[in-house]
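For reference, the structure is listed below as structure tokens.
What you see is a predicted model; the values in this text were computed from it and never measured. Every heavy atom of this structure was used, including side-chain atoms; hydrogens, water molecules and symmetry mates were not. Letters A, B, ... mirror the listed sequences (proteins, then strands); counts begin at 1.
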Protein chains: 2
Amino acid sequence: MSMQERKQRERAERERLIVATARELAEQQGWDAVTTRRLAEFIEYSQPVLYSHFRGKREIIGAVATQGATEMAAAVRAATATADSPRARVTALTRTYLDFAARNPAVYDALFLLDGGLAYAREDTPEPLKDAFAALLECLAEVAGDGVHPGLFTEVFWACLHGIAALTRTGRLLPEDAESRVELLVDRLAVL
Amino acid sequence: MSMQERKQRERAERERLIVATARELAEQQGWDAVTTRRLAEFIEYSQPVLYSHFRGKREIIGAVATQGATEMAAAVRAATATADSPRARVTALTRTYLDFAARNPAVYDALFLLDGGLAYAREDTPEPLKDAFAALLECLAEVAGDGVHPGLFTEVFWACLHGIAALTRTGRLLPEDAESRVELLVDRLAVL
DNA sequence: CACTGAACCTAGCACCGCTAGACAATCGAG
DNA sequence: CTCGATTGTCTAGCGGTGCTAGGTTCAGTG
């Protein structure tokens, strides 16, 4: 049954195309510009085809988000692996996180600002999201300090990173002092 | 010219009504439910009347945001005024901020998540927003630590608070460990 | 060849933010 | 007091949104 296999392959390929197109469009013109009509036009299919792959726009955002989570986890692990002191690792993690948010604003929005219909901090949380949190935890556990639960510390550190990323992204913090903020955050939060 | 004065009064009153209604509706059913049609129906005028007060929906969100900023500044000042040690003041500030975000989610969204068309961190930033930041700064300056610019420290502290508030609000952090996070944040960030 | 089921599209629903243009009420000038 | 101008408000409608019902086309099977 090679025929059916080919069809399945093509279907999977088209699904990747949808997600990639949505991401690219969002990155270039913002999520507001990602409408089902435009998306359909870009992939050269009619609108309802999208709904044979995803329940709705929300799920498309969710797909971009999970893809982004995988990339972010990889980026964080790569950055922390090459650093050779706890302090260097935490600094690398911080810079990498904020850099990822700045370079992929649409993906970051899909992950942490928009509603992609994903469950967070639960058992049924998608694996890539859990893994992204795990990547942070692996690095941050060693600087949590005595008697502080590593998970709690990671949550707080992550929240701080997110706050800086989110406020910077929406123009509420100026990008100029970014480096000073990183230093201050690492100095104070991490127990070295 | 009492006639014109009365008209102006009524007009101002209607504007307050619009903002209050938008806020209430957003608080009860979320900002998505705040449509110009519904808003118009609630205030018992036709849709275009809204546009004689505000340029568009964005400006209405902005009006709710500035109102919220004023309230938040007052809440923070009230909470920090009654505390009698730097540590108690910072803890009170933190709790008050997160409490405000939790109790007024729609207002918090208008302030820090949605686009209300307001300028932030600039000269032409509306006074209430500047004042809210000032309220934070007044309390946080004394715990910034030597050689750390109070403004920078306040920005970072605020970003951390926002991160926690935002992630909690969107279900990405569980509300259970809220108190532990407050303790950890104050312990680490503030120099006491 | 006739039939079935899947794939896909056209057309349309109800809603959105926003605005043009009609209409009534009020005002100031002659 | 009358009459044009101004003001305030409305109805109706534009172009867009996410999403879906229902029809058409076409490949695979008995």
Step by step, work out the salt bridge (charged side-chain N to carboxylate O under 4.0 Å, His left out) result for A/E13 and A/R16. CA-CA 5 Å; A/E13 175 54 34; A/R16 272 197 298 277; 2.6 Å; yes
d(CZ, A/R58; P, D/dT17) in whole Å: 19 Å
Between A/S52 and B/D32, whichever has its closest DNA chain C nucleotide further toward 5' is A/S52
Quick one: sort the A/F112 and A/H162 rings into parallel, tilted or perpendicular, breaks at 30° and 60°. perpendicular
Measure CD/B/E13 against P/D/dG8 and give the value in whole Å, please. 17 Å
Looking only at side-chain N and O atoms, does B/T36 come under 4.0 Å of OP1 or OP2 in C/dG17? yes
Using modelled atom types only, decide if a donor and an acceptor are shared between the side chain of B/R172 and the backbone of B/L167 within a distance under 3.5 Å. no
Without decimals, in angstroms, what is the distance between B/E59 CD and C/dG17 C1'? 14 Å
Under 4.0 Å between any heavy atoms, over every strand shown, what does B/T35 touch: base, sugar-phosphate, or nothing? Just pick one. sugar-phosphate
By nearest atom, which of the nucleotides C/dT26, D/dA21, C/dG17 is closest to the A/P48 side chain? D/dA21
Taking atom types as they are modelled, would you say the side chain of B/Q47 forms a donor-acceptor pair with the base of D/dC10 within the 3.5 Å cutoff? no
Could you give the CZ-to-C1' distance, from A/R38 to D/dT17, as a whole number of Å? 10 Å
Could you walk me through whether B/L25 and B/Q29 pass side chain to side chain contact (heavy atoms under 4.5 Å, CB included), step by step? CA-CA 6 Å; B/L25 192 52; B/Q29 313 197 51; 3.5 Å; yes
Grab the CG-C1' distance between B/L25 and C/dC16 for me, whole Å please. 15 Å
Check for me whether A/R14 meets the cation-pi criterion with A/Y45, that is, NZ or CZ under 6.0 Å from the six-membered ring centre and within 45 degrees of the ring axis. yes
Donor-acceptor pair under 3.5 Å, B/R37 side chain vs C/dG17 base: yes
Measuring to OP1 and OP2 of D/dT9, would you say a side-chain N or O of B/R14 lies under 4.0 angstrom away? yes
Expressed as a whole number of angstroms, how long is the span from B/K7:NZ to D/dT6:C1'? 10 Å
Could you state the OH-P distance from A/Y51 to D/dT20, rounded to the nearest angstrom? 7 Å
In whole angstrom, give the distance that lies between atom CD of A/E10 and atom P of D/dA27. 13 Å
